[in-house]
Every structure is written in C-alpha cells, then in structure tokens.
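Please read the structure below before turning to the comments.
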Amino acid sequence: QITERIIVLFVVINSQEEVQGKYVVCVLFFLWNLLDVVRYTYNMLARTGIYYLPLTWLNFSLCIPLYPLSVLAKASAICVSLPYFESFGTYSIKLPYPFAFSIYFPYVLKMYLLVLFVGMCFIIQNLFSERKAHLGTGNIKKKRS
C-alpha cells in the first residue's frame with residue numbers, strides 16, 4: 001500500500017504540475033486520509049487492548065465503500081495524467097542498440113490500471129472476510145421459547 005501510494009503520489013502526481021491542481025487529486029488525498037485516520041486510530045487502540053465497538057464497526061465497514069472510491073480516484077488521477085505523459089515523454093526510455101527496445105511509460109500506466117482493478121477485487125473480498133470475522137454476519141436470530 002505504501003509503495004502504491006508513493007508511485008501514485010511522486011511518479012504520477014508530483015511529476016506533472018498540470019495534474020497537481022486537479023480536483024481528483026484532492027478527492028484522492030481526502031479518501032486516503034479518511035481511511036488512515038480510522039484505521040490507525042483503531043489499530044492504536046487495539047494494540048493497547050481498548051476495543052471501542054463503534055470504532056471497530058467503522059474500521060471494518062467504512063473501508064468497504066471507501067476503498068473502491070479511492071481506487072477510482074487513483075485511476076482518474078492516472079487517466080488525467082496520461083495525456084501529459086504522452087506529450088512530454090516523461091519516464092519513457094529508449095534503450096541503446098544491444099537491447100533495441102523502448103519503454104513507453106503511458107503503456108506502463110495503462111497496465112498498472114488493469115492490475116489496480118484486478119487487485120481491487122481481491123482486496124474487497126479480503127475486506128468482507130475480515131469484517132465477517134471481526135463483526136460476525138450481522139444477523140441476530142431470536143431464540144424460540
């Protein structure tokens with residue numbers, strides 16, 4: 001997760017000044033920070049042995065809708081930056097004769113988008129299973145007397 005954020009922040013957003021002022025970058029930072037405030041607060045309290053039920057519920061429930069939104073914001077930031085990478089040729093490399101091939105960075109970003117959405121499916125499944133393990137199914141059955 002840290003590597004992914006470093007790549008998006010420094011390679012995609014920071015390297016293109018035109019992208020830095022876009023609305024989607026603000027949304028992406030807001031979603032990242034919202035998820036981190038809840039997750040780190042929960043983890044800090046859990047390490048000290050304090051389990052606050054509303055915070056536990058928020059930690060395991062809020063990430064399920066917000067994680068796909070952050071992936072969409074990340075993908076939007078990458079899509080917004082693609083024309084700038086194509087026109088400026090940033091990070092595109094042409095290797096010398098013995099290798100005789102070039103790396104076109106917009107293609108790398110497009111492959112990253114594909115991996116990002118495939119990985120999101122696996123992470124969402126993991127988030128649901130963690131939520132079920134920590135909070136149960138949520139169905140309360142009444143006993144018959």
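Keep in mind that what you see is a predicted model, and the values were worked out from it rather than measured.
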Test Ile93 against Ser102 for side chain to side chain contact (heavy atoms under 4.5 Å, CB included), laying out the working first.
CA-CA 6 Å; Ile93 301 170; Ser102 59; over 6 Å; no
Run the side chain to side chain contact (heavy atoms under 4.5 Å, CB included) test on Lys74 and Glu4 for me, step by step, so that the C-alpha distance in whole Å, both residues' side-chain angles and the decisive distance to 0.1 Å come before the verdict.
CA-CA 10 Å; Lys74 205 178 314 179; Glu4 180 183 17; 2.6 Å; yes
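In this pair, Phe88 and Tyr84 present their aromatic rings parallel. The plane angle is below 30°, not in the 30 to 60° band. Note: Tyr42 and Phe60 have perpendicular aromatic rings, judged against thresholds of 30 and 60 degrees for the angle between ring planes.
At least one side-chain heavy atom of Ile124 sits less than 4.5 Å from a side-chain heavy atom of Leu127.
For the side chain to side chain donor-acceptor pair (under 3.5 Å) condition, the pairs that include at least one residue of residues 59-68, sequence neighbours left out, are Trp57-Ser61, Ser61-Arg131. Within the structure, salt bridge (charged side-chain N to carboxylate O under 4.0 Å, His left out) pairs that include any residue of residues 37-56 comprise Asp36-Arg39 (at least two apart or interchain). Here salt bridge (charged side-chain N to carboxylate O under 4.0 Å, His left out) pairs that include residues 50-65, with residues two or more places apart or in two chains, number zero.
At least one donor-acceptor pair under 3.5 Å links the side chain of Ser92 to the backbone N or O of Phe105.
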Solution key, residues 10-17 side-chain donor-acceptor pairs under 3.5 Å, sequence neighbours excluded:
residue : atom : partner : partner atom : Å
Asn14   : OD1  : Gln20   : NE2          : 3.4
Ser15   : OG   : Val11   : O            : 2.3
Gln16   : NE2  : Thr90   : OG1          : 3.1

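Partners of Ile50 according to the side chain to side chain contact (heavy atoms under 4.5 Å, CB included) rule, which considers only residues two or more places apart in sequence or in another chain, are Leu45, Thr48. Evaluation of the salt bridge (Lys or Arg N to Asp or Glu O under 4.0 Å) rule for Lys110 yields Glu86 as partners, not counting sequence neighbours.
Summarising the local packing, CZ of Phe117 is surrounded by more than 12 heavy atoms from other residues, nucleotides or ligands at distances under 6.0 Å.
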